[in-house]
Each structure stands twice: as C-alpha cells, then as structure tokens.
Amino acid sequence: MSRKIKVALVASALLFACSASATAMCGSGLAMTAESETNYEVSMDAGGEKISTGEPLSVDVAICSNDDVVVDRFKLDATMPAHGHGMNYVPEIKEQGKNQYTASGLFLHMPGKWRFEVSFSADGKTHRFFRDVDIE
Amino acid sequence: MMVTRRNSICFVFAAILMWLGPGLITLPVAQVILTGDKIKAIKRHGPWPPVFEEDPSNRVSGSALAVEFGRKLFLDPSLSRDGDVACVTCHLPEKGWSDGQETSKGISQLDRNSQSLYNVRNNRWYGLDGRTDSLWAHSIGPMLDEREMGTSPEAIASALAQDAEYSRMYEQVYGEPPDVSDPQAVMVNAAKAIAAFQETIVSWRTPFDDFRDALANGDMEAAGTYPQDAQRGARIFFGKGNCSLCHSGPMFTNGEFADAGMGYFVRPGEVDTGRHGGIEKLRASPFNLSGKFNDNPEQASDWATRQVALHPKTFGEFKIPPLRELTQTAPYMHDGSLATLEDVVRHYSEIDEERLHADGENILRPLKLSEQEIADLVAFLESLSSF
C-alpha cells in the first residue's frame with residue numbers, strides 16, 4: 001500500500017471519528033432523519049421516552065454541525081400522516097442558545113403515529129428533518 | 001295438593017340432576033372476549049371518578065360557601081331580564097343537566113342543543129364551539145346573551161346588592177359586599193360561584209368502569225360479568241370504528257373539535273361556523289385566561305388560549321362530546337337532530353363522506369355495520385351510563 005493511500009485512510013478514519021463524536025454530542029434526545037443530503041445533525045428531546053396524548057408538551061431541539069454556522073428560521077410541527085392532520089395549536093418557539101431551541105405548547109390530541117418535523121435555513125438552503133413517534 | 005305434588009316432582013328432578021353431577025348442568029361461562037391492544041386502550045378510559053383539582057383561575061373553586069351561593073344563583077330566574085329564565089331552565093338535573101329539547105329556548109330560541117353539565121369541570125374548552133377557556137368565563141355568557149337570560153353586569157350587581165340574603169352570601173364568599181360601582185367585577189364573582197357549584201356535578205361509576213377496573217386488576221372473572229353484547233360493542237368502539245381516537249380518556253373525549261359529518265346549516269343561507277367562530281370569540285373576550293380576571297396566571301396557564309390555531313378546517317367543527325350518562329341526555333349532536341343512540345350509531349354506519357371536510361382528518365368512513373353490530377355498539381354506549 002502506498003504511503004499516500006495510508007495517509008488518506010488515516011485521515012478519513014479521523015474524519016469519521018470526529019463526525020461520529022459530533023453525532024454523539026448533538027443533543028440528548030432522539031436523532032431526527034434528514035429529508036435530503038445535509039451536513040447537519042438534529043435531535044429532539046421531549047423529556048423522556050414516553051410522550052403521551054392529553055398533556056401539553058415541550059420539545060428541546062439541538063442542531064449540530066461541524067461548521068460554525070448559525071441557523072435561522074427554525075420551525076417545528078407535528079402531524080399525523082395517516083389521518084392527514086396536524087395539531088390544533090401553534091407551538092411557541094424559544095431560542096435557548098446557539099442552534100438550540102425549545103418548542104412548547106405542543107398538544108398531540110390522538111393516539112397513533114405522529115411525525116415531528118423540523119426545518120431551518122442555513123447556507124442559503126432550507127433543511128428538513130423528521131422523526132416518527134408512536135404515541136399511546 | 002297439586003302444589004305439593006309439583007314440588008315433589010321438582011325435588012326428585014333436582015336430585016337426579018345433582019346426582020348426574022355438575023358436568024351436565026353448566027351455566028354459561030362469563031368470559032372476556034377482548035384481547036391485547038383493546039384491553040390496553042380500555043384501561044386508558046379510566047379510572048373513574050377523577051380526583052378533584054381546584055381550578056387555579058378561580059379563587060373560590062372548591063369553597064363550600066361559594067358552592068352554596070352558586071347553587072342559589074344557578075336556580076334563580078329572578079336574575080334574568082324578564083324574571084323567568086335561569087341556568088336550570090336549560091340544564092335540568094333530571095335530564096342529565098341538559099333539557100331534552102332539540103335546541104334550547106330561553107328568552108328566545110337558540111340554534112344549539114343544550115350540553116350536559118356532568119363532569120364539566122374537567123374541560124379545556126367550553127361550549128360546542130369552545131368559545132371560552134374556563135368554567136367561570138363560560139357561565140357569564142348565558143347571563144348576558146339576549147336569547148338566554150338577557151341581563152347586564154349592572155342589573156346583576158344591583159340585584160345582588162339589594163337582596164339581603166345574596167348580599168350576605170356574597171360577603172361571606174368574597175370578604176366584602178357587592179360593589180355596585182364595579183358591576184363587571186361583581187358579575188365575574190357571581191360567575192365564579194356558579195362555576196364552583198357546577199364543579200360538584202360529577203357522574204357516577206358505570207358498568208363500564210367496573211369492567212375497566214377488573215381488566216386493570218387482571219381479574220378476568222369479574223371482567224367477564226360485563227355483558228357480552230357490550231363487549232362486542234367495545235370491540236367495534238376501540239377497533240374498526242375508530243371511535244376511541246376522538247372519544248378517548250376517562251371522559252370519552254379528547255377535549256378537541258372535529259367534523260362528524262353533521263350538517264351545519266342552521267336555516268337556509270345561515271351556517272353555524274362552530275369552532276372557527278368559537279376561536280374568534282375566545283380571542284375577543286376580556287374574560288379569557290389571558291385577561292385580568294384569571295385569579296392565578298402563574299398556575300392557570302393560558303397556553304391553549306394563546307396558541308390555539310385558527311385553521312380553515314375549524315369551520316363547522318364541533319366539540320367532541322363526552323359519552324358518559326348519554327341515556328339521560330337525548331337528543332344528540334350539536335343541533336339535537338338525532339333522537340336516539342341508535343340513530344347516532346346508524347349515522348356513523350352510513351356517514352356521508354361528501355359532507356366531511358375535504359381538508360379535515362380522514363378518520364371517519366361509513367362503517368356499514370350489521371343490525372347485530374348496531375345493537376352491540378348501542379349496548380356498549382349504554383354501559384357508559386349509571387342508569
């Protein structure tokens with residue numbers, strides 16, 4: 001194996017380790033899935049494993065990236081894809097620090113599969129993430 | 001002579017049966033026909049009754065003196081403009097705290113069916129359109145509505161100040177006599193006492209609650225005594241009927257609004273806008289929880305009032321009603337147009353999808369139930385009543 005290739009391998013392993021640690025560091029909650037190619041990681045934390053209907057809910061969202069970018073136009077919503085409806089309330093969004101937000105007053109009024117959706121702009125693009133959660 | 005002979009024949013017959021042993025004479029075995037997921041869903045519809053929690057937005061909630069004062073006001077027609085309409089005119093205890101009419105009549109005719117006041121303290125929204133966010137705020141409306149009691153803050157304040165008994169009770173509850181120079185505050189206080197009274201209206205335990213608790217305790221023998229037709233009805237309610245998506249929790253409502261395929265024309269050319277109009281009224285009201293009459297803004301949060309969304313789909317949506325004690329509160333639906341529980345079940349069985357909001361939720365579909373299934377679902381609904 002040529003020296004060049006070895007260096008490249010070590011470098012990419014390092015890069016992988018760094019990005020993996022960025023993932024581990026991103027928030028404390030459930031990882032959200034990107035809708036398309038992105039350099040960002042997003043996680044949402046609804047204060048525990050069990051999210052239930054019938055109680056207003058707060059969700060902490062952390063957006064992580066290896067670049068020093070500040071995102072804006074953060075939005076969060078939740079819908080029930082199977083029924084074609086969302087929530088009857090508009091979540092209140094508060095910025096809690098760099099690229100960290102809290103959305104409060106979410107109210108999931110039915111049991112079943114809810115899809116949490118997050119979007120924000122950065123690098124002149126809109127980035128969208130989602131996470132499905134089964135609610136009892 | 002005959003009697004004795006018949007008795008002895010019976011005796012001999014019984015003796016033979018006993019000798020043949022219990023294997024021959026088996027009683028129908030009580031059994032639970034519901035399984036896994038449905039049992040889990042059923043458990044979430046209890047326990048009953050819920051624990052009483054004071055309403056933090058009402059400083060006299062839970063006060064015995066306020067309950068007494070409120071009860072008197074609730075029953076008293078002399079507070080109305082013409083002295084002949086009281087809350088009890090349209091909320092009769094013997095009709096499950098509704099009035100048995102398709103649409104209610106006070107001073108003049110209303111366009112909606114009276115709601116039961118059972119368990120009313122547990123609501124998030126009040127009125128079929130959810131136009132108020134507390135029980136006390138809702139209790140102001142009928143006093144001022146021209147079609148209901150048609151009175152005014154000034155008339156209420158002076159009626160309370162002039163009546164020695166009312167004046168005394170008011171002072172006992174609020175620590176000072178009614179101040180006629182601030183009629184709005186006196187009216188809100190009167191409404192808070194009426195709310196304290198309504199908080200005591202709680203429905204009893206029902207056959208369903210015994211079934212639910214038996215399932216929760218794993219006592220299948222006790223659970224099995226819940227009638228088989230009601231169990232088959234429950235299988236539809238918590239299963240293919242999707243009923244429990246909207247009618248969920250111990251009250252059998254998630255407290256929100258939906259379109260159940262009822263018409264919303266009140267008369268040709270005039271519609272009941274339902275939830276849409278309700279949200280507009282809520283936002284315009286000085287008595288909502290964001291206003292100065294909320295007695296404890298720290299605890300009685302107004303998050304729902306601030307954050308409720310005025311989606312186009314709210315047009316023609318109505319409150320998802322609780323389903324307890326329905327056997328006392330016919331007729332049904334916001335316009336009282338369905339006379340019996342069987343009519344309601346047939347409505348869901350044949351629901352007209354054309355009538356449902358195109359941009360609403362797609363949960364309701366014609367269920368095309370058999371006659372047996374209709375009877376079973378009615379039996380289930382009846383088991384949510386105590387008598």
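In what follows, chains carry the letters A, B, and so on, assigned in the order in which the sequence lines appear, proteins first and then strands, with residues in each chain numbered from 1. These numbers come from a predicted model, not from an experiment.
Distance alone, capped at 3.5 Å, places no donor-acceptor pair between the B/N254 side chain and the A/M110 backbone.
Considering NZ of B/K313 and CG of A/N88, their distance stands at 4.0 Å, rounded to 0.5 Å. Expressed to the nearest 0.5 Å, how far CZ of A/F107 lies from CD of B/Q307 amounts to 12.0 Å. Rounded to the nearest 0.5 Å, atoms NE2 (A/H85) and NE2 (B/H311) are 10.5 Å apart.
For CD of B/E53, the number of neighbouring non-hydrogen atoms (other residues, nucleotides, ligands) closer than 6.0 Å is 12 at most. Counting heavy-atom neighbours within 6.0 Å of B/K40 NZ, excluding the residue itself, gives a total of 12 or less. Crowding of A/R115 atom CZ: a count of heavy atoms from other residues, nucleotides or ligands under 6.0 Å exceeding 12. Environment of CG in A/D67: crowded, with over 12 heavy atoms of neighbouring residues, nucleotides or ligands closer than 6.0 Å.
With a threshold of 4.5 angstrom between heavy atoms, B/A304 approaches chain A through its backbone and through its side chain. For B/I363, the part lying near chain A is the side chain, with the backbone staying farther off; criterion is any non-hydrogen pair under 4.5 Å. Neither the backbone nor the side chain of A/M80 comes within less than 4.5 Å of any heavy atom in chain B.
Of all the heavy atoms in A/P111 and B/L245, the pair that sits closest is O-CD2, 3.7 Å.
Note on ring orientation: taking the six-membered ring where Trp is involved, the planes of A/Y89 and B/W125 are parallel (angle under 30°, cut-offs 30° and 60°).
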